[in-house]
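Within every chain, numbering begins at 1; the chains are lettered A, B, ... in the order of the sequence lines, protein sequences first and strands thereafter.
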2 protein chains.
Amino acid sequence: MKTAHPATPRQDLSAQIAEAIRDAIVEGRMITGERLPSEAELSEQFGVSRSTVREALKRLAAQSLIRTQRGAFGGAFVNRLSFEAAYSQHITTSTLLLSMNAVSFETACEARYTLERACAPLAAHRRTTGSLATMRTEIARQSQPDLSDEAFCASDVTLHRALVDAAQNPVLSYQLAGAVEAMQPLMNMITFTARSRGEIVALHTALTDALEHQDAQAADTALHRLEAYTLTLGRDVMASRARNATKRTPPSSSG
Amino acid sequence: MKTAHPATPRQDLSAQIAEAIRDAIVEGRMITGERLPSEAELSEQFGVSRSTVREALKRLAAQSLIRTQRGAFGGAFVNRLSFEAAYSQHITTSTLLLSMNAVSFETACEARYTLERACAPLAAHRRTTGSLATMRTEIARQSQPDLSDEAFCASDVTLHRALVDAAQNPVLSYQLAGAVEAMQPLMNMITFTARSRGEIVALHTALTDALEHQDAQAADTALHRLEAYTLTLGRDVMASRARNATKRTPPSSSG
DNA sequence: GCCCTTATGAATGTCAGACAATTAAAGGTC
DNA sequence: GACCTTTAATTGTCTGACATTCATAAGGGC
């Protein structure tokens with residue numbers, strides 16, 4: 001009996017329905033702002049219960065594909081995927097991807113700085129006084145000796161985001177957001193000494209100066225140095241962590 | 001009773017619960033492979049019905065944060081976010097972002113080629129015979145005159161993905177996937193003439209040759225030319241589309 | 001003792017029906 | 001016309017039930 005349609009019974013009904021609606025949205029058969037049929041209508045159309053339809057809709061809502069509104073003339077509407085929502089999704093996914101897949105500090109660092117250097121020429125050309133001001137503000141913050149390591153990292157992210165945004169290309173900003181923000185948890189594992197902070201602040205200043213003078217080459221150099229320096233800091237931390245882990249390993253075989 | 005915490009009633013219960021569990025995962029309080037409490041237990045813990053818990057779990061499943069398994073010793077497990085799953089999510093989001101936000105062809109094109117040029121030095125240094133072979137294969141495919149425009153674009157994407165993958169940095173590949181793949185729908189709107197195809201194939205060949213010779217500078221140049229050429233093709237199409245749209249506009253005021 | 005079959009129980013998947021909460025629009029009052 | 005009330009449609013939540021799946025335990029045949 002089941003041989004009649006064994007093609008895709010391995011998926012939940014709610015997943016199948018969500019996929020059907022998602023396809024309709026992605027392929028443009030439903031446009032932004034359009035209202036989906038009510039849950040009752042959908043359950044009739046798909047021949048399932050309302051609960052199943054609701055689970056499907058929640059799946060779509062989790063991807064910001066639809067938004068729901070209660071009350072008369074409420075319902076589920078195809079969402080205009082804002083850059084903001086896309087940013088936060090991308091950042092969450094990138095962060096998890098790095099934390100769950102044992103991506104080395106080197107790999108993540110290389111990806112981040114490679115992408116940032118790509119932005120540098122555009123940023124040098126198009127930077128505004130606003131983006132420069134943001135970067136200077138963060139540099140000032142990073143110079144405060146009583147700043148916690150976490151706050152230092154957060155400020156670092158803000159500065160680099162300002163660099164990326166200075167390129168004035170929202171698509172680029174979106175793509176870079178993941179690479180820059182996802183590094184923060186890795187950076188948070190590093191204890192920044194006064195000396196290392198000074199070095200970083202100096203490089204941040206060189207970078208900002210380069211943008212101010214619209215000197216793409218100097219910005220590229222500053223980013224190269226920053227990458228190399230970050231890498232040495234990260235390597236030191238990872239190495240000492242590895243040593244500690246080895247120490248804690250039981251000397252005899254387990255059990 | 002409920003007056004005790006009216007702070008955040010603007011969100012659904014299922015959204016709140018999903019957020020609570022998501023935070024636990026992102027912050028590492030739950031690790032990959034760990035089993036969540038059963039739906040019955042969760043509904044008791046959060047003081048809500050099982051349906052509400054299920055909607056929350058579906059939201060998390062939609063983001064590939066958890067996977068569920070039926071049967072004895074089944075349940076919801078914290079998912080290891082694979083690069084593969086992250087790729088497809090990122091691509092879907094990027095594609096929608098572009099189609100829904102009236103991003104100009106210029107902006108998308110600039111972002112894509114800026115990012116690809118960032119990969120070029122690494123790709124030139126690390127390219128394998130495998131990545132070169134993939135690129136040559138796609139070039140051969142693109143040279144077939146009877147290839148449809150859609151297939152030509154798909155082949156273009158494959159070739160550029162090979163370029164990105166040649167950098168041998170999975171994080172970079174992941175971040176770039178969105179930029180490269182999301183361009184395809186925009187590219188699909190272009191009708192490629194025999195002449196334009198020839199030009200693109202020539203530039204693809206130059207790019208591949210550059211990688212083979214590990215000549216980062218030549219690869220950069222080829223990508224710059226490719227960007228410029230793609231841009232002119234895109235501009236032509238957009239301009240003619242704009243003209244047609246104007247023609248179709250009713251000559252008098254509507255109504 | 002060993003293997004195959006069968007129960008068992010725990011868990012998710014689905015359904016049906018009910019009620020609460022919300023909200024825009026229609027209708028009524030002044 | 002401005003303001004208030006009613007109304008109907010829709011989502012949000014709860015309850016209880018049954019179906020389905022699946023690892024393990026129990027049982028029977030040899």
Side-chain angles (χ1 to χ4, degrees), chain A residues 1-21 25 30 33-79, chain B residues 1-21 25 30 33-79:
Chain A
M1 292 297 178
K2 272 195 174 177
T3 52
H5 49 86
T8 51
R10 63 193 183 287
Q11 248 190 143
D12 293 346
L13 280 177
S14 67
Q16 291 177 39
I17 292 169
E19 196 174 348
I21 300 176
I25 296 175
M30 303 204 66
E34 192 172 341
R35 182 178 173 281
L36 274 72
S38 71
E39 295 175 354
E41 286 173 294
L42 286 172
S43 65
E44 203 174 339
Q45 283 180 26
F46 286 102
V48 299
S49 73
R50 208 187 132 207
S51 344
T52 304
V53 167
R54 279 183 62 78
E55 288 177 8
L57 294 181
K58 294 309 165 199
R59 294 179 115 107
L60 299 175
Q63 296 181 300
S64 308
L65 288 177
I66 62 172
R67 107 194 81 93
T68 56
Q69 217 169 359
R70 289 170 72 164
F73 281 67
F77 298 84
V78 178
N79 216 351
Chain B
M1 293 294 182
K2 274 195 174 178
T3 53
H5 47 85
T8 49
R10 63 189 187 288
Q11 249 191 143
D12 293 346
L13 281 177
S14 67
Q16 291 176 39
I17 292 168
E19 195 174 350
I21 299 176
I25 296 174
M30 302 204 67
E34 192 172 341
R35 183 178 171 282
L36 274 71
S38 71
E39 295 175 354
E41 286 173 294
L42 285 172
S43 65
E44 203 173 340
Q45 283 180 27
F46 286 102
V48 299
S49 73
R50 207 188 130 204
S51 350
T52 304
V53 166
R54 279 184 62 78
E55 289 178 8
L57 294 181
K58 295 309 165 198
R59 295 178 114 107
L60 299 175
Q63 296 181 302
S64 309
L65 288 177
I66 63 170
R67 108 194 80 92
T68 56
Q69 216 168 3
R70 289 171 72 162
F73 282 68
F77 298 85
V78 178
N79 217 352

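- Between A:Thr68 and D:dG12 there is a side-chain N or O to OP1 or OP2 distance below 4.0 Å.
- Within 4.0 Å of B:Ser51, counting heavy atoms only, lies at least one base atom of the nucleic acid.
- Between the base of C:dT23 and the side chain of A:Arg70 there is no donor-acceptor pair shorter than 3.5 Å.
- Atom CD of A:Gln45 has more than 12 neighbouring heavy atoms from other residues, nucleotides or ligands inside a 6.0 Å radius.
- Within a 6.0 Å sphere centred on CD of A:Glu44, heavy atoms belonging to other residues, nucleotides or ligands number 12 at most.
- Nucleic acid contact class of B:Arg35 (heavy atoms, under 4.0 Å, all strands): sugar-phosphate only.
- Separating the CZ atom of B:Arg50 from the P atom of D:dG16 is a distance of 13 Å, rounded to the nearest angstrom.
- Here the P atom of nucleotide C:dT12 and the CG atom of B:Leu36 are 9 Å apart, to the nearest Å.
- In plain terms, the two heavy atoms of A:Gln11 and A:Gln16 that are nearest each other are O-NE2, 3.1 Å.
- Look at CD on A:Glu39: it is 15 Å from C1' on C:dC15, rounded to the nearest Å.
- For the pair B:Asp12 and A:Lys58, the minimum side-chain heavy-atom distance is below 4.5 Å.
- In this structure, CZ of B:Arg54 is placed 7 Å from P of C:dT14, rounded to the nearest angstrom.
- Of the side-chain N and O atoms in B:Thr52, one or more sit less than 4.0 angstrom from OP1 or OP2 of D:dC14.
- For the residue pair B:Ile66 and B:Leu57, the shortest heavy atom distance occurs at CD1-O, 3.4 Å.
- Distance CZ (A:Phe77) to P (C:dT23): 13 Å, rounded to an integer number of Å.
- Taking atom CG of B:Leu13 as the reference point, atom C1' of D:dT11 lies 13 Å away to the nearest angstrom.
- Whole-Å rounding puts the B:Glu44 CD to D:dT15 P distance at 12 Å.
- Looking at which nucleotide of DNA chain C each of A:Ala72 and A:Val48 is closest to, the 5′-most match is held by A:Val48.
- Rounded to whole angstrom, the span from the CD atom of A:Glu55 across to the C1' atom of C:dT14 amounts to 8 Å.
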